[in-house]
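Everything on this sheet refers to the single structure shown next.
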Amino acid sequence: MDKARHPPQSGTTEAGRKSDVYPYASGGWGSLKAVTKILVKEKAVVRDAAILPHQNKPDGFMCVSCSWAKPAHPHAFEFCESGAKATAWDTTAKRADRAFFKQHTVSELLEWHDHDLEDAGRLTEPMRYDAARDRYVPVSWDEAFEAIGARLRELDPASVVFYTSGRASLETSYMLQLFARMYGTNNLPDSSNMCHESTSVGLTQAIGVGVGTIGLDDFGQTDLMFFFGQNVGTNSPRMLHQLQDARKRGVPIITFNPLREPGLVAFANPQSPRDMLIPGDTQISTQYHQVRPGGDSAALAGLCKAVIAAHDEALANGTSDVLDVAFISEHTVGFEDFAAYVRATPWDEIERESGLARESIEAAARAYMQANAVIAHYGMGLTQHRLGVQNVRMLCNLLFLRGNEGKPGAGPSPVRGHSNVQGQRTVGITENPELAPLDQLARQFGFEPPREKGFNTIEAFEAMIEGKVRAVINLGGNLVRSVPDRLCTEPAWRSLPLTVNIATKLNRSHLAHGENAYVLPCLSRIEIDRSGGREQVVSMEDSTARFHGSRGVAEPASPHLRSEPAILAGLARATLGERSTVDWSAWSEDYSRVRTEMAKTWPEMFHDIETRMWTPGGFVRPLPARGRKWKTKSGKAEFCVPESLGEDPDMRESEPDALRLMTLRADGQFNTTLYNHDDRFRGVRGSRMVLLMNRDDMAARGIDSGDHVTLRTVAHDGVLREVAGLAAMPYDVPRGCLAGYYPECNPLLPLWHYAKESKVPGAKSIPVRVVEIDKTGRHGG
Ligand SMILES: Nc1nc2c(c(=O)[nH]1)N[C@H]1C(S)=C(S)[C@@H](COP(=O)(O)OP(=O)(O)OC[C@H]3O[C@@H](n4cnc5c(=O)[nH]c(N)nc54)[C@H](O)[C@@H]3O)O[C@H]1N2
Ligand SMILES: Nc1nc2c(c(=O)[nH]1)N[C@H]1C(S)=C(S)[C@@H](COP(=O)(O)OP(=O)(O)OC[C@H]3O[C@@H](n4cnc5c(=O)[nH]c(N)nc54)[C@H](O)[C@@H]3O)O[C@H]1N2
Ligand SMILES: [Mo]
């Protein structure tokens, strides 16, 4: 095997030797270079030069990368480095076809690096695992559907899990949830269970709607923006357009992030030659607070304390109100309890738990008090913690103090991940029967849906380990890589009697297969979908709750591919047979029929979707909180008293040498899809087996730059969790914390280390300890 093509999973790193951080602003020339490089590598240049201009345009296709909003008046090239990479990855000329699978056994492929598996190219035809030959072998679509349907009919529906990664369209997702429920289960976990579920729970409690309430129009009207734990330059780069426009108006941006992210410091727009040529890039963050991982509730308590103290002082002095008293009294409940709590919380506790000085927090509070309309953007830095839901509630508390919800230029802005992850939940992908319109579905389709709660992602794996799950149907995703505790969860996955993966590219979850395993290759959204002999279109929801139509523009990677709706229709027909009142074939030949049903289920949301989905900028779903209507338990916006400011019961003083590990993304990846081994912004090149460490923490342990360390999870459940071969790299992170990459560090994350209420894994606060230092692995030391 060619070494260069298959680098070891735990390689050495140039970064281990160099402590230089990417010296340029996010965007900029480096970004252009990276785009060109991947287009060439994927041999996609000619085709993509024609395809990219259609990305995120009202009559084009919606990017398969992140879910950031699509403006009504897009830039000539409304795509970014990440989006261009994702497009090149899907439209590659490479193929993992029958010749490929004839050549390589599954055991051999299991040794391949994740990057190389997907880099083999697009899957071209349906396959099943043949144990005798240890290979995936071609199978006809009908044979696959029949065999899977027969197996599913034998199984107890409660033992079957239907997982969705966040890319599938609204139409596909609607079909999947209906299929699962007609089959008899609410086991409908999805990627948001590992992502923004803390938002869905927290915002619903606080404002009565589980999604963000700002739109692109708000950027023009805001006076200040916060950024809590979201890495815009890498993970939602198109948003830099709006940030830059706001910065040009003088809007301050205040960032809370343990790591000094080059992508949050300065910005140069690679699509604006003027910005590229002006020396000195535009500053993004006007204040940068390096909060301790998991210290956000404390930082937010400090901000609220400073604001309430300023109000108390104003009252005493007879000067004007600092709080929005009218908003608080008319629209909220719980203010008095919350105010009493923050007044009573001493600054030294806030400083200790947040890792920030009182003066820094007060500086941020002063800026906040000067602004009339404030947006709070946030990401995984808030949601992926034991107290992830509370973090979201605390952010709302801060916004409520000055009426920053339901007015122009203000509100919470959870920046979502996958391109349609928000939309999937909107159309019924949920394990929670209370969130699904079960009565309506029962009436509409004449069946009795299951009423028991299903599994979310964590619960699905807990049940799998206990042997209670017998089959998983995966619509995208790569669960053996993306879920916690790989050393426990992968063996459980491999013992499944049936795994079915609907996917575009080969990944490890297909290879670590169950007894009966199928890989069903689907069209990418970028491709022209001619199901039923006509060009089909689909729809999705972006991070600002706007729905858009999407039309494929590229020729399919193989004539044997089927669309996701067509594959689900085939599976549903074969599994449900006469039991189903739905004409699945008709649906898969005309997706407008699916949209018609969606509009029957949610008339307020989807009426006239057939025309409205082509509205430039999308059409917005009803967001009562935007009009200050609160669909909460109390009928008001709800303040919340935090249960604790100390993040983690597993990370208390009793473990003196424990460190807090955050697992992050690089710009060379989209989740488990690894485009390359670089993290350009952070100055890491050639390997992802890297650990970003505070210099003093390194010195205290005798670790030099480039040494290979072994991390072990601090846990007392008798399970040994270790990752070795991580090259230490000094980085600007607070003492006591570390950063490594997801998914490489997932074996360290215990399955039970998740947010209370939302069960989002605590991927940003894994308690670990350095147990071994290998100086021989260092090059050039
Ligand atoms: N290029 C690219 N784009 C992507 C993805 C990708 O993998 N690659 N993934 C997509 C998906 S599914 C998602 S969910 C989003 C994720 O996008 P983000 O929400 O940006 O997620 P992460 O990169 O995991 O890390 C977020 C940031 O949180 C900071 N952080 C860590 N812990 C804390 C903390 O305790 N407090 C605070 N305040 N900050 C903290 C980290 O330093 C980092 O800058 O991106 C989407 N877009
Ligand atoms: N430690 C740690 N763990 C994490 C995180 C973290 O920050 N730290 N982040 C979490 C988050 S936010 C998320 S969202 C999850 C993501 O976890 P998953 O949903 O499991 O993973 P993805 O990497 O998004 O899925 C990639 C695969 O999807 C398939 N695919 C790509 N495009 C399509 C398509 O159009 N259709 C279909 N059917 N398949 C397609 C390809 O086969 C590809 O290999 O991981 C979570 N895990
Ligand atoms: Mo995500």
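Every number for a ligand or one of its atoms is a count from 1 in the order of the listing. None of these values were measured; they are calculated from a predicted model.
For the salt bridge (Lys or Arg N to Asp or Glu O under 4.0 Å) test with Glu744, the passing option among Arg688, Arg665, Arg481, Arg486 is Arg688; the others fail.
By the criterion of a heavy-atom distance under 4.0 Å, both the backbone and the side chain of Thr672 are placed next to ligand 2. Using a 4.0 Å cut-off between heavy atoms, Ala763 contacts ligand 2 through its side chain alone, with no backbone atom that close. Proximity of Arg167 to ligand 2, defined as any heavy-atom pair under 4.0 Å, is confined to the side chain (atoms from C-beta onward). Residue-level proximity to ligand 2 for Cys522 is carried by the side chain, the only part with a heavy atom below 4.0 angstrom. The part of Tyr163 lying near ligand 2 is the side chain, judged by heavy-atom distances below 4.0 Å. Proximity of Thr663 to ligand 2, defined as any heavy-atom pair under 4.0 Å, is shared by backbone and side chain alike. Residue Arg665 touches ligand 1 through backbone and side chain together, judged by heavy-atom distances below 4.0 Å. Looking at Arg481 against ligand 2, nothing comes within 4.0 Å, counting heavy atoms. Under 4.0 angstrom from ligand 2, the non-hydrogen atoms of Lys764 all belong to its side chain. With a 4.0 Å heavy-atom cut-off, ligand 1 is reached by the side chain of Val291 but not by its N, CA, C or O.
Set against the non-hydrogen atoms of Pro293, the atoms of ligand 1 under 4.0 Å away are 34 (C), 35 (O). Contact atoms of ligand 1 toward Gly379: 19 (O) (distance under 4.0 Å to a heavy atom of the residue). The atoms of ligand 1 that sit less than 4.0 Å from any heavy atom of Gln230 are 19 (O), 20 (O), 27 (C). For ligand 2 and Asn478, the ligand atoms under 4.0 Å from any heavy atom of the residue are 18 (P), 20 (O), 21 (O), 25 (O). Of all atoms in ligand 2, listed by their number and element, those nearer than 4.0 Å to a heavy atom of Gln384 are 5 (C), 6 (C), 7 (O), 9 (N), 10 (C), 12 (S). Of all atoms in ligand 1, numbered sequentially from 1 with element shown, those under 4.0 Å from a heavy atom of His418 are 12 (S).
Taking each of Gly294, Gly83, Ala299 in turn, the one with a heavy atom nearest to atom 35 (O) of ligand 1 proves to be Gly294. Proximity annotation for atom 16 (C) of ligand 1: of Arg416, His385, Lys85, Met380, Met380 comes nearest, heavy atoms only. For atom 46 (C) of ligand 2, the nearest non-hydrogen atom from the set Trp89, Phe670, Tyr741, Tyr742 comes from Tyr742. The residue among Leu387, Asn235, Asn231 with a heavy atom at the shortest distance from atom 23 (O) of ligand 1 is Asn235. Nearest-residue assignment for atom 25 (O) of ligand 2 (options Ser524, Gly477, Gly476, Pro747; heavy-atom criterion): Gly477. Looking at Leu259, Leu664, Thr255, Asn391, it is Leu664 that brings a heavy atom closest to atom 41 (C) of ligand 1.
On a distance-only criterion, His510 and ligand 2 share no N/O pair closer than 3.5 Å. At a 3.5 angstrom cut-off on N or O pairs, Glu564 counts as close to ligand 2. Between Ser236 and ligand 1, no N or O atom pair is found at a separation short of 3.5 Å. The N/O atoms of Arg682, backbone and side chain alike, include none that comes under 3.5 Å of an N/O atom in ligand 1.
At the shortest separation from atom 26 (C) of ligand 1 among protein heavy atoms lies Gly229 O, 3.5 Å. For atom 12 (S) of ligand 1, the closest non-hydrogen atom of the protein is Asn671 ND2, 3.3 Å. Atom 8 (N) of ligand 1 has Gln669 O, 2.6 Å as its closest protein atom, hydrogens excluded (heavy atom only). Protein heavy atom in closest approach to atom 31 (C) of ligand 1: Met662 SD, 3.2 Å. For atom 14 (S) of ligand 1, the closest non-hydrogen atom on the protein side is Cys195 SG, 3.0 Å. Of the protein's non-hydrogen atoms, Gly417 CA, 3.2 Å is the one closest to atom 13 (C) of ligand 1. In terms of protein heavy-atom proximity, atom 38 (N) of ligand 1 is closest to Asp296 OD1, 2.7 Å. Given atom 43 (C) of ligand 1, the protein heavy atom at minimum distance is Glu261 OE2, 3.3 Å.
Salt bridge absent: Arg416 and Glu541 never bring a charged side-chain N and a carboxylate O closer than 4.0 Å. Checked for salt-bridge contact, Asp667 and Arg682 miss the test: no charged N lies under 4.0 Å from a carboxylate O. Look at Arg508 and Glu490 and you find a salt bridge, because one of the NZ, NE, NH1 or NH2 atoms lies within 4.0 Å of a carboxylate O, short of that distance. At a threshold of 4.0 Å, the pair Asp90-Arg122 does not count as salt-bridged, since none of the basic side-chain nitrogens sits closer than that to a carboxylate oxygen.
The cationic group of Arg167 lies under 6.0 Å from the six-membered ring centre of Phe670 and within 45° of the ring axis, placing it in a cation-pi geometry.
Distance check: Glu118 CD to Asn478 CG gives 7.0 Å after rounding to the nearest 0.5 Å. Rounding to the nearest 0.5 Å gives a distance of 9.0 Å between OG of Ser550 and CD1 of Ile526.
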